[in-house]
Amino acid sequence: MPELPEVEVVRAGLAPAAIGSLITAVTVWDERALTRHASGAADFVARLEGRTFAGAERRGKFLWLPLASGEDALIAHLGMSGQMLLRTPDAPAERHERIRIDVEHAHHGELAIVFADQRTFGSLAVDDLVADGPSRIPTQVVHIARDPIDPFFDDRAFVLAVRRRNSAIKRILLDQQVISGVGNIYADESLWAARIHPETAGRTLSAQAVARLLAEIRTVLAKALAEGGTSFDAQYVNVNGQAGYFAHSLNAYGRGGQPCPRCGGLIRREAFMNRSSHYCPRCQRRR
DNA sequence: CTAAGGCCCTGAGGGC
DNA sequence: TGCCCTCAGGGCCTTA
């Protein structure tokens with residue numbers, strides 16, 4: 001489940017190979033991988049072939065590779081199971097390969113950037129870049145809030161936004177228009193660390209509690225990033241196909257029925273927004 | 001504007 | 001062995 005740390009690992013892995021690479025060929029095996037590209041596969045290919053990647057950027061769970069001498073970028077969202085893999089040109093097709101981008105790099109030679117995706121919630125697109133303060137972002141990312149490791153993230157505005165809402169704090173954390181990059185795993189982990197029950201209404205939290213939660217979010221994300229992200233079911237891997245290690249460090253997520261590492265109470269798992277919440281009913285008291 | 005719920009999709013795994 | 005059911009969940013969409 002790629003959230004901010006996993007997408008950042010992919011972005012950082014892609015950067016050295018992609019930046020400066022000339023796109024020599026693009027193959028779309030499955031058009032469902034282009035749901036974010038409205039004008040179809042032929043247009044997608046035409047807008048990439050012959051171009052050169054000039055960067056590797058990310059906001060929240062979106063990543064994009066700006067194209068040289070242009071106002072556009074290849075954007076990617078991995079959804080639940082999307083992978084961006086670096087392969088040699090002669091490598092056999094991946095099991096769920098959807099799109100292949102053949103490139104040529106001055107130092108690394110010929111490479112293939114492969115987009116594979118089992119559950120097809122992820123997709124690629126070529127999108128125009130627009131100004132956003134000091135930076136430029138794809139039009140499809142304009143509505144996405146800055147993520148908590150973005151230097152321009154506005155802590156004060158976040159605290160106000162949370163305290164204005166009556167929704168459950170977990171739902172607020174999953175709203176990419178309030179704070180981006182946090183998904184189900186890191187929402188549960190951050191709430192556990194801050195000792196906040198996931199159903200607590202945002203408006204009932206003190207400014208101090210929200211600030212503490214934000215600090216815990218940053219701590220959890222940084223630790224996960226340092227460990228290469230969370231790999232649960234072999235869906236998330238880095239550009240070389242390797243798993244991350246953070247699954248071993250989880251305190252709440254996926255640990256329903258097991259003792260809370262902090263107080264020994266049993267972690268509860270319950271349905272929430274068509275997914276699951278994991279929390280300790282003993283040290284994350286409902287208010 | 002906020003809030004709440006549903007849908008898209010595939011493969012793994014459990015039960016019988 | 002095989003069939004059926006449930007589950008995983010990010011982003012977007014609809015409805016109130």
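Every chain is numbered from 1, with letters handed out A, B, ... down the list of sequences.
A cation-pi arrangement is absent between Arg136(A) and Trp64(A), since the terminal nitrogen or guanidinium carbon is not both under 6.0 Å from the aromatic centre and inside a 45° cone about the axis.
Regarding Arg36(A), its CZ atom lies at a distance of 10 Å from the P atom of dC13(C), rounded to whole Å. dC1(B) atom C1' lies 17 Å from atom NE2 of His143(A), rounded to whole Å. The separation between Leu174(A) atom CG and dG6(B) atom P is 17 Å, rounded to whole Å. One atom, CE of Met80(A), and another, C1' of dG11(C), lie 12 Å apart when rounded to the nearest Å. Atom CE of Met273(A) is separated from atom P of dC8(B) by 17 Å (rounded to the nearest Å).
In this structure, Thr120(A) does not reach the dT10(B) phosphate: none of its side-chain N or O atoms is under 4.0 Å from OP1 or OP2. Between Arg32(A) and the phosphate of dC8(B), there is no side-chain N or O to OP1/OP2 separation shorter than 4.0 Å. Residue Ser81(A) places none of its side-chain N or O atoms closer than 4.0 Å to OP1 or OP2 of dT10(B). In this structure, His96(A) reaches the dG11(B) phosphate: one of its side-chain N or O atoms is under 4.0 Å from OP1 or OP2. For Gln176(A) and dG11(C), the shortest distance from a side-chain N or O to OP1 or OP2 is below 4.0 Å.
Residue contacts for Ser276(A): at a heavy-atom cut-off of 4.0 Å it reaches the sugar-phosphate backbone alone, with no base atom in range. Using a 4.0 Å heavy-atom distance criterion, Asn184(A) is classed as a sugar-phosphate-only contact. Arg171(A) comes within contact range of at least one nucleobase, with a heavy-atom separation under 4.0 Å.
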Are any protein N/O atoms closer than 3.5 Å to N/O atoms in nucleotides 3-5 of chain C? If there are, list each pair with its distance.
none

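Counting atom types as modelled, Arg275(A) pairs a side-chain N or O with a base atom of dG10(C) as donor and acceptor under 3.5 Å.
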